[in-house]
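Read through the structure below, which is laid out as structure tokens, and then see the notes.
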Amino acid sequence: QSQELSEAQIDYHAALQALVENGTRMVCTGRMHTDRICRFESLCYSTEAEEFIYFHSNSSVMLPNLGSRRFQPALLDLSSVEDHNTQYFNFVELPAAALKFMPKPVFVPDVALIANRFNPDNLMHVFHDDLLPIYYTMQQFSDLDLEARLFFMEGWSEGVHFDLYKLLSNKQPLLREELKTLGRLLCFTKSYVGLSKITTWYQYGFVQPQGPKANILVSGNEIRQFTKFMMQKLNISLEESSSEEYIVVFSRTINRLILNEAELILALAQEFQMKTISVSLEEHSFSDIVRLISNASMLVSMHGAQLVMSLFLPRGATVVELFPYAINPEHYTPYKTLATLPGMDLQYIAWQNTNREDTVTYPDRPWDQGGIAHLDKAEQERIIKSTEVPRHLCCRNPEWLFRAYQDTKVNIPSLIHVIRQTVKSKPGPKKQKWSGSLYPGKVRDAKCQASVQGTSEAKLAVSWQIPWNLRYLKNHTFSENIKPFTIYLVWIRCIFNKNLLGPFADVLLCRR
Ligand code: UDP
């Protein structure tokens with residue numbers, strides 16, 4: 001790697017002189033640690049102390065200059081998971097003169113994006129917390145292009161999905177452990193620290209039970225721009241006119257199994273008169289799964305991280321999520337939220353096993369696979385008797401884990417019934433037409449004509465020109481409850497297609 005780093009040649013002497021003379025320069029966006037991303041020149045990192053270093057000199061800059069508020073609780077979140085206390089970023093400060101007594105700096109010539117992956121072994125976390133946020137952080141800052149290099153500081157090894165992270169830039173991402181092999185003191189010529197949270201749609205339940213984020217800011221369009229990029233990098237072409245329609249059953253092979261999978265596949269094929277295929281992360285390459293899902297009419301799967309792959313479904317497809325016994329689908333909605341994002345244009349269906357006889361529990365497994373043998377007898381009995389896991393916080397609730405890792409015999413008639421309530425004829429992707437909705441602008445030339453009839457009756461005739469980006473003309477006369485010789489303030493807004501709310505025009509004064 002050190003060879004790779006030195007690929008882009010830099011004048012070492014000049015770089016060292018710039019560091020000593022200019023020190024570190026930091027300018028950030030964001031008002032709080034939870035929405036902050038910082039751009040640095042000459043940010044350094046001690047691989048021995050495992051600390052970032054800010055060097056003060058005559059030309060150094062630190063904006064925001066928070067003083068000790070920098071530690072309340074941190075300068076910024078290194079991962080896209082909001083305000084998680086294992087993901088905080090900060091630096092220690094030194095005078096640039098201290099460089100005389102420190103190891104010789106090794107300069108990183110590439111523009112760097114420095115961040116934490118949150119849970120690189122879980123596919124949902126990989127896409128939601130890392131890949132999408134990294135992709136859109138890179139879109140936000142123009143020098144984070146394909147020649148930028150990713151630095152993952154969370155301390156994990158590559159993990160099973162590292163190939164996906166590699167698609168985001170042309171340079172090999174570097175892990176915290178690997179930095180040690182580069183030198184004792186690393187200095188990033190230009191770097192960005194932190195990740196944009198603008199694309200995340202789910203909170204995992206660290207402070208309140210899990211659920212959709214309060215203020216979702218992403219739509220299907222941005223999700224699909226990202227998947228288009230990923231598919232190009234994976235060399236998968238979007239087949240426009242796919243001949244055959246089919247259903248994909250995404251199965252798990254280690255736990256949370258569908259016990260009658262063969263029967264399920266047959267039943268789906270028969271009911272919808274479609275080829276039905278089964279895939280799993282264990283038996284198929286990632287590319288093959290993406291290729292299959294990106295042309296599927298329906299994706300059927302147990303609740304679980306593999307369902308994040310519905311990101312790749314075509315518009316109009318249906319997602320069917322199966323929930324084990326005692327797990328309320330309304331309480332675990334990362335994939336429902338994804339499928340129902342505006343503009344995703346997916347149909348979402350949840351099915352829950354409500355028959356105790358159709359579930360297989362594993363009380364004797366280790367706690368992290370849902371075992372409950374370590375709990376006291378009364379608590380074990382309460383859990384076994386319970387018919388629904390009460391809402392809970394992340395991540396070690398034994399009742400939740402016990403129920404989440406059940407295997408399920410899917411009751412076919414009940415599942416088909418639920419699907420049929422939504423999918424009336426054949427499921428399948430709609431023709432991929434642009435389905436963006438346009439918000440109308442302000443109405444123009446608003447006028448008000450007040451007329452008085454007698455002493456107590458009056459009318460306000462309000463007219464306006466349509467917004468600049470629409471085609472129709474409207475006006476309206478208010479007569480109910482309008483009093484004569486009264487001043488009315490009128491705010492007019494265009495509502496297009498019932499739900500596209502435009503802005504209010506400037507206030508209009510009506511008087512007579
Ligand atoms: N996983 C899998 N097959 C299995 C069980 C798990 O591919 O039989 C994958 C799963 O998709 C996820 C990771 O292993 O990416 C961790 O699974 P876990 O059950 O811990 O998380 P969950 O799926 O409940 O989010």
Side-chain angles (χ1 to χ4, degrees), residues 1-30 36-66 70 75-76 78 89-116 134 137-153 166 168-195:
Q1 263 103 24
S2 60
Q3 216 171 5
E4 229 185 301
L5 269 191
S6 58
E7 229 171 60
Q9 281 302 324
I10 51 166
D11 180 341
Y12 185 84
H13 184 73
L16 184 59
Q17 196 176 354
L19 173 61
V20 173
E21 281 171 17
N22 300 337
T24 305
R25 303 162 69 83
M26 172 189 98
V27 181
C28 307
T29 61
R36 191 165 289 138
I37 297 176
C38 293
R39 182 181 193 277
F40 287 91
E41 286 167 34
S42 301
L43 173 68
C44 298
Y45 180 75
S46 160
T47 56
E48 288 162 330
E50 300 198 321
E51 297 259 29
F52 284 93
I53 305 168
Y54 177 103
F55 284 107
H56 283 271
S57 84
N58 293 335
S59 335
S60 50
V61 174
M62 193 192 291
L63 274 177
N65 200 324
L66 293 166
R70 189 154 71 73
L75 181 61
L76 56 82
L78 263 182
F89 171 84
N90 241 317
F91 47 73
V92 295
E93 295 166 76
L94 281 176
L99 278 161
K100 280 199 288 274
F101 311 104
M102 297 181 71
K104 247 181 101 186
V106 173
F107 288 96
V108 177
D110 316 308
V111 180
L113 175 56
I114 299 167
N116 277 6
I134 292 169
T137 303
M138 292 175 73
Q139 299 280 307
Q140 186 172 349
F141 302 102
S142 60
D143 46 358
L144 284 176
D145 56 18
L146 288 172
E147 299 310 314
R149 193 188 293 273
L150 303 173
F151 289 81
F152 297 134
M153 301 305 296
K166 288 195 206 166
L168 295 173
S169 108
N170 295 336
K171 305 245 162 77
Q172 169 87 3
L174 292 177
L175 306 174
R176 192 174 77 193
E177 279 310 299
E178 294 173 319
L179 301 186
K180 293 200 167 72
T181 66
L182 300 179
R184 294 162 67 196
L185 182 61
L186 291 185
C187 290
F188 299 91
T189 315
K190 244 190 218 178
S191 61
Y192 291 83
V193 181
L195 287 181

| query | For Ala112, does its backbone N or O pair with a side-chain atom of Asp110 as donor and acceptor, under 3.5 Å? | reply | no
With sequence neighbours left out, the residues meeting ring pair (Phe, Tyr, Trp, His ring centres under 6.0 Å) with Tyr192 are Phe141
task: Look only at the side chain of Ser46 and the backbone of Leu185, and say whether a donor-acceptor pair between them is shorter than 3.5 Å.
output: no
| said: Checking the side chain of Ser169 only, and the main-chain atoms of Glu147 only, is there a donor and an acceptor separated by less than 3.5 Å? | reply: no
Minimal heavy-atom distance between Leu43 and Ile53, with the atoms involved, is CD1-O, 3.6 Å
What do the steps show when you test Lys180 against Glu48 for side chain to side chain contact (heavy atoms under 4.5 Å, CB included), and what is the final call? CA-CA 8 Å; Lys180 293 200 167 72; Glu48 288 162 330; over 6 Å; no
CD of Gln140 to OG1 of Thr29, rounded to nearest 0.5 Å, is 6.0 Å
For Leu182 and Leu174, what are the C-alpha separation, side-chain angles and deciding distance, and is it a side chain to side chain contact (heavy atoms under 4.5 Å, CB included)? CA-CA 10 Å; Leu182 300 179; Leu174 292 177; 4.0 Å; yes
Note to self: Main chain of Leu195, side chain of Thr137: is a donor-acceptor contact present, judged purely on distance under 3.5 Å?
What the structure shows: no
CG of Leu76 to SG of Cys28, rounded to nearest 0.5 Å, is 6.5 Å
In the structure I gave you, are the side-chain heavy atoms of Met26 and Val193 within less than 4.5 Å of one another anywhere?
no
ring-ring contact (aromatic ring centres under 6.0 Å, His included) test vs Phe52 passes for just one of Phe40, Phe89, Phe91, namely Phe89
For Gln172 and Arg149 the tightest heavy-atom approach is O-NH1, 2.9 Å
Correct closest heavy-atom pair for Phe55 and Pro95 would be CD2-O, 3.7 Å
Legend entry - Aromatic ring proximity Tyr45/Phe151, centre distance under 6.0 Å: no
Note: Thr189 and Pro109 closest approach over all heavy atoms is OG1-CA, 3.8 Å
- Query: Would Met102 and Leu94 satisfy side chain to side chain contact (heavy atoms under 4.5 Å, CB included), going step by step from the backbone distance to the final call?
  - Reply: CA-CA 11 Å; Met102 297 181 71; Leu94 281 176; 3.8 Å; yes
The reported gap from CD1 in Ile134 to CG in Leu150 (rounded to nearest 0.5 angstrom) is 5.5 Å
Per side chain to side chain contact (heavy atoms under 4.5 Å, CB included), Leu179 is matched among Val106, Val108, Thr47 by Thr47
- Using the side chain to side chain contact (heavy atoms under 4.5 Å, CB included) rule, take Val111 and Leu144 through it: C-alpha gap first, then chi angles, then the decisive distance, then the call. CA-CA 7 Å; Val111 180; Leu144 284 176; 3.8 Å; yes
Closest heavy-atom pair, Pro173 versus Lys166, reported as atoms and distance to 0.1 Å, is CD-CG, 3.9 Å
To the nearest 0.5 Å, atom CG of Leu78 lies from atom CE of Met153 at 8.0 Å
Residue pairs passing the salt bridge (charged side-chain N to carboxylate O under 4.0 Å, His left out) test with at least one member in residues 89-106, sequence neighbours excluded, are Arg70-Glu93
Heavy atoms of Ile114 and Ser191 approach each other most closely as CD1-CB, 3.9 Å
inquiry  = Given 3.5 Å as the limit, does a donor-acceptor pair link the side chain of Thr24 with the main chain of Tyr54, or not?
reply    = no
Checklist entry - With distance as the sole test, does Arg36 use its side chain to make a donor-acceptor pair with the main-chain N or O of Leu75 at under 3.5 Å? => result yes
Say whether, by atom type as modelled, one donor and one acceptor occur between the side chain of Arg25 and the main chain of Ser42 under 3.5 angstrom.
no
